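Step one of this worksheet: look at the structure below.
Chain letters run A, B, ... following the sequence lines, proteins first and then strands; every chain starts at 1. In this text, all values refer to a predicted model and were calculated from it rather than measured experimentally.
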Amino acid sequence: MPLPIEIHLYNTLSRALEPLRPAEDARLRMYTCGLTVYDYGHIGNYRTFVAVDILQRFLESEGYHLETVLNLTDIDDKMIDRAQRAGRSVREHAEIYARAFAQDMEFLGLRRPDHLVRATDFIPDMIAWIERLVAAGHAYASQGSVYFRVSSFPAYGRLSGKPLEELQSGARVDSDQYEKEQARDFVLWKAHKPGEPAWPSPWGPGRPGWHIECSVMSMKLLGESFDLHAGGADLIFPHHENEIAQSEAVTGRTFVRHWLHVEFLLVNGEKMSKSLGNYYTLRDLAAQGFHASGIRYLLASVPYRRQLNFTLDGLRQAEAAVERLRAFGDRLRRATLENADNVELQAAIEAAGLRFRGSLAENLNTAGALAAIFDLLRAGNQALDQNAMGLGHREAIERLLARFDSIFGIIETDDRRRMEAYGNELHPVEATLADEAVEQLLARRAAARLERNYALADQLRTQLETAGIVVEDTRDGQVRWRRK
RNA sequence: GGCGCGGUAGCCAAGUGGUAAGGCAGAGGUCUGCAAAACCUUUAUUCGUGAGUUCGAUUCUCACCCGCGCCUCCA
């Protein structure tokens, strides 16, 4: 186990890097705002989830014990709207996309959270919490709905840096629908409208507002005060601001110590939207032949607090980088080594390890961590070229690569298997030749080469290439092949 | 307008008050019958613009320009 290292993470609340200090030794409780399951998650959603995944894996590798919660919102305006248009019940609609989400998680290799929760499973808890807010004077009922009284919570606006007064004047008023005391007040419970799902409550039938679910579920599972809360940058206001208000107004305690927000992903420099035709889901990309490891690499390669401009060209670059990492792993494994002294290599390995870990510890600088790994890769290749790597060096390098991969999850990833997450939904380019047919053609080619009939040999190779088979002649006379 | 993120080589991108990591692509080379793959080498007198602080700034300060996000339910 490595020596303890101080980990710094940017806290949106303080707008500064702060050392990570768990409430309990080496125990971290973390909540992540997940997806509203009205549709497939898109690449932007998964940027957030990959960042959280890598953070969690890193923290675990540093010896922390995590308890994690991820929520799926399965009841809100959009859910109702989409379900109606699809001619399904909200419940059925949610079920379809929750399953799709599970497939996406499997495809990308995202760790399952300890608790994957859905809003509608916690309605009674939400009602109970709202009752407490009402009893404490922080919320009021009005025409079957219940609203949070923002003026009763002086700290409101601290997370997003919005002055209370401004919220008052700047807010939009949807007076046609709801009766609020003040425009900035937000809804905790929505009165039932015809055609919408509803649950009984002290205020009559209705359904929860969006924000309350995260407060209630997180506190129920992680306690009233926990360590980390993550989500997309767009959730800072109003979602997380409201979560803080709802929670702390009742408990009087710090709801969350450390707020993490993942910046937006853009596509070709623009916000993703269906009308622009730049809206990607994971299954879209998989169907185009892109791999889980490449997608993960690309999403992880830009530190989470920077906007990430997603392009297909960038994805191709990422896939190439992954290939190089894997090739190095293979080369290491295949090399025949003896013991050898190599002070320089030893130093390079140690430097890479320090830099890798130090980069991640400093606000999850994934770009720096990757650079450390590629430095290691070059040093290793050079040593192999010069026949100057010892068994001990290889062991040390493999250990570091294993640690890298336990966090980034891209080397030992069977991309073809990952594709199976989507079952027969996808129709990727199928191999046009069976393995036996490939071997037969390769045998004919080998014979042709022996006879120095290179015209025929090349013709056979071209034939295989057309079928998506890459042929590689190695130095020792062996022939390797793989499917593109 | 308010709050926030960012502008570093063809593309992606790290970084520090002391003179520019890494990846991809490109070029050259090793290997090869030729390829492919792999490996090695190489690619920014310069970090949006202007001014200031400093012995010295890409890194600090100020102004300006540009891109993006949030500002009541979008990750």
Side-chain angles (χ1 to χ4, degrees), chain A residues 12 15 32-36 41-49 51-52 73 76-78 150 157 159-163 166-167 170-174 180 183-187 190 209-211 230-239 241-242 261-266 269-273 297-298 301-303 305-311 313-325 327-328 330-331 355 359 362 365-375 377-378 380-382 384-386 449 452-455 457-458 461-462 465 470-475 479-482:
Chain A
T12 307
R15 278 150 225 276
T32 304
C33 282
L35 200 67
T36 303
H42 54 66
I43 190 79
N45 295 310
Y46 289 105
R47 196 247 168 131
T48 301
F49 302 142
V52 167
T73 298
D76 81 337
D77 292 348
K78 221 170 227 164
V150 168
L159 181 72
S160 54
K162 295 186 189 302
E166 212 174 278
L167 290 167
R172 282 182 240 154
V173 189
D174 39 2
K180 302 191 214 175
R184 67 190 179 190
D185 291 349
F186 59 90
V187 68
K190 288 190 171 187
W210 174 39
H211 314 294
D234 55 331
L235 296 182
I236 296 170
F237 189 87
H239 186 55
E241 195 73 71
N242 291 353
H261 291 100
V262 181
E263 255 301 339
F264 243 70
L265 174 144
L266 305 172
E270 296 174 297
K271 187 166 175 168
M272 201 172 359
S273 77
Y297 182 100
L298 176 59
S301 65
V302 179
R305 287 242 305 148
R306 271 188 80 136
Q307 290 177 352
L308 187 159
N309 186 16
F310 180 91
T311 60
D313 188 52
L315 187 49
R316 274 176 221 114
Q317 294 184 5
E319 301 240 339
V322 170
E323 279 308 311
R324 193 146 95 89
L325 284 167
F328 178 63
D330 290 344
R331 190 182 181 197
R355 186 176 174 198
S359 295
E362 206 57 23
N365 181 352
T366 45
L370 283 169
I373 294 304
F374 280 103
D375 281 341
L377 196 142
R378 191 176 329 94
N381 272 321
Q382 277 170 351
L384 287 169
D385 283 352
Q386 294 154 16
R449 291 180 75 207
R452 303 194 148 267
N453 184 354
Y454 293 119
D458 290 351
R461 183 169 62 197
T462 308
E465 257 164 32
V470 181
V471 179
E472 294 173 13
D473 300 328
T474 65
R475 196 172 306 197
V479 178
R480 284 206 299 261
W481 65 275
R482 62 189 163 83

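- Checking side-chain atoms of A/Arg47 against main-chain N and O of A/Leu266 turns up no donor-acceptor pair under 3.5 Å.
- Under the side chain to side chain donor-acceptor pair (under 3.5 Å) criterion, A/Ser160 pairs with A/Glu241, not counting sequence neighbours.
- Between B/G23 and B/U8, the distance separating the two C1' atoms is 15 Å to the nearest Å.
- A/Asp330 comes within 4.0 angstrom of nothing in the nucleic acid, heavy atoms only.
- Residues A/Asp385 and A/Arg331 are paired through a salt bridge, judged by an N-O separation under 4.0 Å between the basic side chain and the carboxylate.
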What nitrogen or oxygen pairs link the protein and nucleotides 36-38 of chain B at under 3.5 Å?
from, atom 1, to, atom 2, distance (Å)
B/A36, N1, A/Asp473, O, 3.1

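- Within the nucleic acid shown, A/Arg47 has no heavy atom closer than 4.0 Å to any nucleic acid atom.
- Qualifying side chain to side chain donor-acceptor pair (under 3.5 Å) partners for A/Arg449, counting only residues two or more places apart in sequence or in other chains: A/Asp473.
- Residue ring and nucleobase are not stacked for A/Phe264 and B/G69 under a centre distance beneath 5.5 angstrom and an angle between planes beneath 30°.
- Across all strands, A/Ala321 comes closer than 4.0 Å only to sugar-phosphate atoms, never to a base (heavy-atom distances).
- Among the heavy atoms of the strands, none lies under 4.0 Å from A/Ile236.
- Using a 4.0 Å heavy-atom criterion, one finds that A/Arg452 contacts no nucleic acid atom at all.
- B/A57 is unpaired under the Watson-Crick or G-U wobble criterion, no partner having all donor-acceptor distances under 3.5 Å.
- Among the atoms of the strands shown, base atoms are found under 4.0 Å from some heavy atom of A/His42.
- Take A/Arg480 and apply the side chain to side chain donor-acceptor pair (under 3.5 Å) test, not counting sequence neighbours, and it matches no residue.
- Checked by distance alone, A/Asn365 brings no side-chain donor or acceptor within 3.5 Å of a matching partner on the base of B/G15.
- Across all strands, A/Lys78 comes closer than 4.0 Å only to sugar-phosphate atoms, never to a base (heavy-atom distances).
- Within the nucleic acid shown, A/Gly34 comes within 4.0 Å of sugar-phosphate atoms alone, with no base atom in reach, counting heavy atoms only.
- Pairing partner, B/U72: none, since no Watson-Crick or wobble contact has both distances short of 3.5 Å.
- For A/Asp234, the side chain to side chain donor-acceptor pair (under 3.5 Å) criterion is met by no residue, not counting sequence neighbours.
- Residue A/Glu263 places no side-chain atom within donor-acceptor reach of the base of B/C5, judged by atom type and a 3.5 Å distance cut-off alone.
- At the heavy-atom level, A/Tyr454 lies under 4.0 Å from base atoms of the strands shown.
- Residue A/Leu265 is in base contact, counting any heavy-atom pair closer than 4.0 Å across all strands shown.
- As judged by a 4.0 angstrom heavy-atom cut-off over every strand, A/Gly209 is placed among residues making no nucleic acid contact.
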What nitrogen or oxygen pairs link the protein and nucleotides 8-12 of chain B at under 3.5 Å?
from, atom 1, to, atom 2, distance (Å)
B/C11, O2, A/Gln317, OE1, 3.4
B/C11, O2, A/Gln317, NE2, 3.2

